[in-house]
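Below is one structure, written out as structure tokens; the observations come after it.
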Amino acid sequence: MILKNDEAEIMRGAAFTKKILNWNRYENNRQMPWKGEKDPYKIWLSEVILQQTRVEQGLKYYQNFIAAYPNIDALAAAPEEKIFKLWEGLGYYSRCRNLIQTAKFISKEMEGVFPQAYETILSLKGVGSYTAAAIASFAYNLPYAVLDGNVFRVLSRIFAMEIAIDSTKGRKDFSLVAQRLLPPKKAGEYNQAIMDFGAVICKPVPLCDDCFFNKQCLAYLSGKQDLLPVKAKTIRIKKRWLNYFIVQCNDEVLIQQRTEKDIWQNLFQFVLIETPNGLKPKTLLPLLDKQLGINSFSILNEWSQEQKLSHQTICFHFLQIKIEKRLPVQNHTWMKFSHLQNLAFPTTLLQAMQKIRVGSLQ
DNA sequence: AAAGCGTGGGG
DNA sequence: TCCCCAAGCTT
């Protein structure tokens with residue numbers, strides 16, 4: 001094992017590093033707008049957007065953000081509502097909250113100058129070990145190895161590392177190996193290369209026939225490439241039942257902002273009654289009266305749909321209702337439909353809006 | 001330290 | 001359809 005400083009493993013590591021740099025220089029065709037970028041602000045932004053997110057999905061968001069906020073002071077000065085609107089649909093909204101917090105911190109406390117030391121970068125909200133290493137190596141060529149899903153996959157195969165990547169020991173081992181392989185003077189170049197290699201060749205379903213390292217890859221040599229990397233945990237998918245009442249009166253609708261530490265924190269929504277299981281509409285309507293005092297209305301539209309998330313399946317029930325009197329409702333605000341486009345909503349609620357708009361035109 | 005956090009694409 | 005996964009981080 002490379003962890004024991006075994007001679008063969010050290011040689012294998014050195015050969016890999018050399019070959020991957022060569023592959024990157026002459027054969028890697030992967031292009032992304034932030035590649036070769038030296039502005040730490042843009043690198044930071046791209047890295048945060050790409051956390052647990054596919055390049056194809058994040059690309060448009062990156063372009064929109066750069067166009068709207070070309071530097072960190074611009075981002076820090078922007079109304080939070082607008083920033084969330086730009087983030088809408090990208091998911092993991094804590095990233096957006098942390099983005100805002102960090103932008104303001106750097107703009108106000110550090111005179112708009114992005115920190116240049118790894119430890120300081122790491123201390124920023126929303127920046128963990130991966131993102132700190134990426135920024136440090138790409139912007140300043142500091143010798144910190146990135147460890148992301150690509151690198152876990154590549155290293156687990158090259159060295160047939162069977163320890164679970166989602167265990168504490170596993171992360172530690174992989175981190176050590178990754179750092180050992182990094183050529184200190186070519187940190188940025190190498191980090192980019194190994195991630196591209198993982199994205200282009202050593203993919204979840206790997207293209208071993210096309211791989212420059214298949215004669216030395218321990219997983220391939222033993223036919224275990226499809227079994228690596230190993231994960232220990234299996235996630236349990238829970239169910240939730242969200243009953244949304246789209247309560248409208250003339251050209252206005254009742255909305256509220258989600259403030260709890262829960263999914264979609266900071267985003268907006270319609271009147272919500274969450275139930276511990278799926279309820280029939282007949283049992284739902286009394287709740288609407290009891291909890292919010294809404295009891296006189298006509299039903300315009302009603303439907304159900306599901307949204308599958310990583311950790312839960314959400315069963316939505318929508319009820320679009322119209323009331324004649326614009327009564328105040330606790331913790332909710334009446335808002336014109338035309339203003340909703342300025343607020344960030346969860347994707348499924350956007351779909352619901354689209355649906356009732358189409359419906360109203362018929 | 002395990003659990004929670006979104007969305008979309010691919011096998 | 002279902003499960004995995006995607007440039008992870010926070011509490």
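In what follows, chains carry the letters A, B, and so on, assigned in the order in which the sequence lines appear, proteins first and then strands, with residues in each chain numbered from 1.
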From C/dA7, C/dC5, B/dG8, nucleotide with atom closest to A/Pro204 side chain: C/dC5
Categorize A/Thr347 for me: base, sugar-phosphate, or nothing, with a 4.0 angstrom heavy-atom threshold over every strand shown. sugar-phosphate
Here the distance between atom P of C/dA7 and atom CG of A/Leu59, to the nearest Å, is 14 Å
Please work out if A/Trp34 contacts a base, only the sugar-phosphate, or nothing of the nucleic acid, heavy-atom cut-off 4.0 Å. base
Which whole-number value in Å describes the distance from A/Leu124 CG to C/dC9 P? 12 Å
On a whole-Å scale, what distance lies between the P atoms belonging to B/dA3 and C/dA7? 24 Å
From the set C/dG8, C/dA7, C/dC5, return the single nucleotide nearest to any side-chain atom of A/Gln52. C/dG8
Are the aromatic rings of A/Phe174 and A/Phe152 close, with centres under 6.0 Å apart? yes
For C/dA6, take OP1 and OP2 only and decide whether either is under 4.0 Å from a side-chain N or O of A/Tyr92. no
Can you tell me how far P of C/dA7 sits from CD1 of A/Ile165, to the nearest Å? 11 Å
I'd like to know if A/Thr53 reaches the base of B/dG6 with its side chain such that a donor and an acceptor end up less than 3.5 angstrom apart. yes
Which one, B/dC5, C/dA7, B/dG6, comes nearest to the side chain of A/Gln312? B/dC5
Would you kindly check whether a donor in the side chain of A/Thr131 faces an acceptor in the base of C/dG8, or vice versa, at under 3.5 angstrom? no
Mind checking A/Gln265 for me? I need base, sugar-phosphate or nothing, with any heavy atom below 4.0 Å counting as a touch. nothing
By nearest-nucleotide position on DNA chain C, the 5'-leaning member of A/Lys261 and A/Gly198 is A/Gly198
Separation of B/dG4 atom P from A/Asn266 atom CG, nearest Å, is 20 Å
Identify the residue among A/Leu319, A/Ile294, A/Leu254 that makes a side chain to side chain contact (heavy atoms under 4.5 Å, CB included) with A/Phe245. A/Leu319
Which is true for A/Leu309 with a 4.0 Å heavy-atom rule: it touches a base, it touches only sugar-phosphate, or it touches nothing? base
Rounded off to whole Å, could you give me the CZ-to-P distance for the A/Arg236 and C/dC3 pair? 13 Å
Do A/Trp87 and A/Tyr61 come close enough that some side-chain heavy atom pair is under 4.5 Å? no
Just call it for A/Lys231: base, sugar-phosphate, or nothing, with non-hydrogen atoms closer than 4.0 Å on any strand. sugar-phosphate
Would you indicate which nucleotide in B/dG11, C/dG8, C/dA6 comes nearest to any side-chain atom of A/Val205? B/dG11
Contact nearer the 5' end of DNA chain B, comparing A/Arg171 with A/Ser310: A/Arg171
Using a cut-off of 4.0 Å on non-hydrogen atoms, how would the nucleic acid contact of A/Lys203 be classed: base, sugar-phosphate, or nothing? nothing
Expressed as a whole number of Å, how far does the P atom of B/dG4 sit from that of C/dA6? 22 Å
Please report, rounded to the nearest Å, how far the C1' atom of C/dA7 is from the CZ atom of A/Phe152. 12 Å
Taking atom P in both B/dG8 and C/dC9, what distance in whole Å separates the two? 22 Å
From C-beta outward on A/Gln51, which listed nucleotide comes closest to its side chain: C/dG8, C/dC5, B/dG4? C/dG8
Does a donor on one side chain sit under 3.5 Å from an acceptor on the other, for A/Ser338 and A/Asp251? no
Heavy atoms under 4.0 Å, any strand shown: does A/Val48 hit a base, just sugar-phosphate, or nothing? nothing
To the nearest Å, give me how far apart CD (A/Gln307) and C1' (B/dG8) are. 11 Å
If you compare every side-chain N and O of A/Lys238 against the phosphate oxygens of B/dG4 (OP1, OP2), does one of them come in below 4.0 Å? yes
Sugar-phosphate, base or nothing in reach of A/Arg153, heavy atoms under 4.0 Å: sugar-phosphate
Describe the nucleic acid contact of A/Lys308 in one word from base, sugar-phosphate, nothing, applying a heavy-atom distance below 4.0 Å. base
If you check the A/His311 side chain, which of B/dT7, B/dC5, C/dG8 turns out closest? B/dC5
Determine the contact category for A/Ile49: base if any of its heavy atoms lies under 4.0 Å from a base atom, sugar-phosphate if only primed atoms, P, OP1 or OP2 are that close, otherwise nothing. nothing
Using the side-chain heavy atoms of A/Thr168, tell me which of these nucleotides is nearest: C/dA7, B/dA1, B/dC5. B/dA1
Quick one: is A/Trp264 getting a side-chain N or O under 4.0 Å of the B/dT7 phosphate, OP1 or OP2? yes
Would you sort out whether A/His317 and A/Tyr244 count as a side-chain contact (heavy atoms from CB on, under 4.5 Å), showing the intermediate values? CA-CA 6 Å; A/His317 188 78; A/Tyr244 277 107; over 6 Å; no
Would you indicate what A/Gly89 reaches in the nucleic acid, counting non-hydrogen atoms under 4.0 angstrom: base, sugar-phosphate, or nothing? sugar-phosphate
Could you tell me whether A/Glu56 contacts a base, only the sugar-phosphate backbone, or nothing, with contacts defined as non-hydrogen atoms closer than 4.0 Å? nothing
Picking from B/dG6, C/dA7, B/dG9, which would you name as closest to the side chain of A/Arg54? B/dG9
Roughly how many Å is it from CG in A/Leu267 to C1' in B/dT7, rounded to a whole number? 13 Å
Minimum-distance nucleotide (side-chain atoms of A/Arg240 versus C/dA7, B/dC5, B/dT7): B/dC5
Per the side chain to side chain donor-acceptor pair (under 3.5 Å) rule, which among A/Glu302, A/Gln248, A/Lys355 passes with A/Gln320? A/Gln248
Under 4.0 Å, heavy atoms only, any strand: does A/Glu306 hit a base, just the sugar-phosphate, or nothing? nothing
Name the closest nucleotide to the A/Asp196 side chain, picking from C/dC9, B/dG6, C/dA7. C/dA7
Ion pair present between A/Glu80 and A/Arg97, side-chain N to carboxylate O less than 4.0 angstrom? no
Base, sugar-phosphate alone, or nothing: which one does A/Asp262 contact when heavy atoms must sit under 4.0 Å apart? sugar-phosphate
Go through it in stages, so that I can follow the logic: the residues are A/Lys82 and A/Tyr69, the test is side-chain contact (heavy atoms from CB on, under 4.5 Å), and I'd like the CA-CA distance, side-chain angles, deciding distance and then a yes or no. CA-CA 11 Å; A/Lys82 286 200 171 185; A/Tyr69 312 116; 3.6 Å; yes
Can you find a pair of side-chain heavy atoms, one from A/Ile201 and one from A/Trp23, that are under 4.5 Å apart? yes
